[in-house]
Amino acid sequence: MGKFVIEGGIPLEGTVKVSGSKNAALPIMAACLLTEGECHLKNIPHLADIQVMGKTLKELGVKVERKGEKLSVNAGHLTRYEASYELVRKMRASFLILGPLLARLSRARVPLPGGCNIGRRPIDLHLKGLNQMGAKIEIRHGYVEATARKGLQGTNIYFDFPSVGATENIILAGCLAKGTTIIENPSRTPEVLDMINFLKEMGVKINEKKANLIKIEGRGEILPANYSIIPDRIEAGTLLIAGVISKGKIIVEGGNPNHLGTFLVKLKEMGVKIEISDKAIRATRESNINPVRVKTLSYPGFSTDLQPQLSSLACLAKGKSIIEETIFENRFTHVPELRRMGAQIEEGNSRIIIEGVPSLSGTQVTAPDIRGGAALVLAGLAARGRSEVFEIHHIDRGYERLEEKLSNLGARIRRKED
Ligand code: UD1
């Protein structure tokens, strides 16, 4: 399992490079199921979740080979239409194979997904969309069994909520459907758009220019493509907070500042000096941290995936911050752990009220999930004394060599295996 041991209170300084985006790489790997040719992907981060997706594809008969940050994926000979519970339970994004598998083989059997412990995470929008495209869907023994004997048919699909995963699944299914699929109220995150750009490289005609609509022209054959994944905006945001919370001065390189708009606005409101120059973001803490009001929303609103990390920073603000979570129902699992470090936080009605304290104190805490775990590492960097963050396998799902990147900035953090 392993833990991080952190000696807090050291200001971080220097430059750190952002890795490729996990949440873009995963749907793009699933998209490789659409073609019989070999796709070559670059800037793939070394993460536990990427391994899980690789294994999930391999189980279906796909050849997946990794060399450094490159990945080749060849789905020329699919041997199975079923994914195993063992893998899908580990990561919700494995469910993204449903759309492309069904489109390619006219049938798919995928377990109901697992993933982070951040509340009820239904898949109704995925299933409703596929059903509208002509798939017959049954849920039996904890598996989604989908068949489309006559193939999938393009149609108009409206999402009540712009779900990231449902948008990706339906786009992937639409690529091999007959006719045109139109998604109204889709998610338009940078990761969804990255997958769309990959699909365009594969020869799929997609129009995503209209704000509230994505139009996919289905086609019979999809070509393999070479593609480089966008940088990880959530990792970039986490590293920027690491600099600020430790009272340091760091430059985050290789990220795309345009993907971090709302987040950077909030950091500035908190009194952080942000300088942007050609894909590098410099964050400097000038004095006290101001309290903040944040509400998580669909992109381009404030990302729920940066909410726990920003909460850690708000714990040290001068005054009262209010953070409201509207995307997931159980995304304050880091709060009891932050309290153990001396944070003053009240929780209720999908929001937390944080009364800033002058300092946090190091202690033992447990990572509840990927981003909540990252929030505890950040708190540990700022805290007085030694912190130990347990269950870091959660953090390894979403952060590549986090302790190495932070150590290179001067942090005293090490991994200790059990
Ligand atoms: C993706 C991201 C995750 C991020 C989330 C933000 C990946 C691999 N993961 O997750 O890091 O926090 O987007 O939106 O890209 N919902 C339904 N029915 C559905 C689908 C979703 O009610 O069929 C609800 C969920 O319960 C949740 C909300 O919509 O409350 C957001 O879910 P969704 O956007 O689908 O997130 P994911 O794709 O799971």
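Counting starts at 1 for both ligands and their atoms, in listed order. The structure presented is a predicted model; accordingly, all values stated were derived computationally and were not measured.
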Residue set satisfying side chain to side chain donor-acceptor pair (under 3.5 Å) with Glu208, at least two apart, ordered chain then number -> Lys200

Sequence neighbours excluded, the answer for side-chain contact (heavy atoms from CB on, under 4.5 Å) partners of Ala242 is Leu12, Leu378, Leu381, Leu406

Here's a test for you: under side chain to side chain contact (heavy atoms under 4.5 Å, CB included), which of Lys42, Lys70, His40 qualifies with Asn226?
His40

Applying the side chain to side chain contact (heavy atoms under 4.5 Å, CB included) criterion to Ile413, which one of Val5, Val389, Val377 satisfies it?
Val377

Salt bridge [X]-[Y], side-chain N to carboxylate O under 4.0 Å:
{"X": "Glu325", "Y": "Arg331", "answer": "no"}
{"X": "Arg415", "Y": "Asp396", "answer": "yes"}
{"X": "Arg109", "Y": "Glu82", "answer": "yes"}
{"X": "Glu217", "Y": "Lys205", "answer": "no"}

Arg331: heavy atom below 4.0 Å from ligand 1, yes or no?
yes

Among the heavy atoms of Glu191, does any lie under 4.0 Å from an atom of ligand 1?
no

I want to confirm something. Looking only at heavy atoms, which of Gly129, Ser21, Pro122 is nearest to atom 16 (N) of ligand 1?
Pro122

Out of Val164, Val192, Thr304, Asp49, who gets a non-hydrogen atom closest to atom 33 (P) of ligand 1?
Val164

Any idea which part of [X] is under 4.0 Å from ligand 1, heavy-atom wise: side chain, backbone, both or neither?
{"X": "Leu127", "value": "neither"}
{"X": "Ala93", "value": "side chain"}
{"X": "Asp124", "value": "both"}

For Arg233 and Tyr299, what are the C-alpha separation, side-chain angles and deciding distance, and is it a side chain to side chain donor-acceptor pair (under 3.5 Å)?
CA-CA 12 Å; Arg233 64 188 164 113; Tyr299 190 84; 5.7 Å; no

Close N or O approach ([X], ligand 1; < 3.5 Å):
{"X": "Lys22", "result": "no"}
{"X": "Gly165", "result": "yes"}
{"X": "Leu125", "result": "yes"}
{"X": "Phe328", "result": "no"}

By number and element, which atoms of ligand 1 are closer than 4.0 Å to a non-hydrogen atom of [X]?
{"X": "Ile123", "value": "19 (C), 23 (O)"}
{"X": "His126", "value": "23 (O)"}
{"X": "Ile327", "value": "14 (O), 27 (C), 28 (C), 30 (O), 31 (C)"}

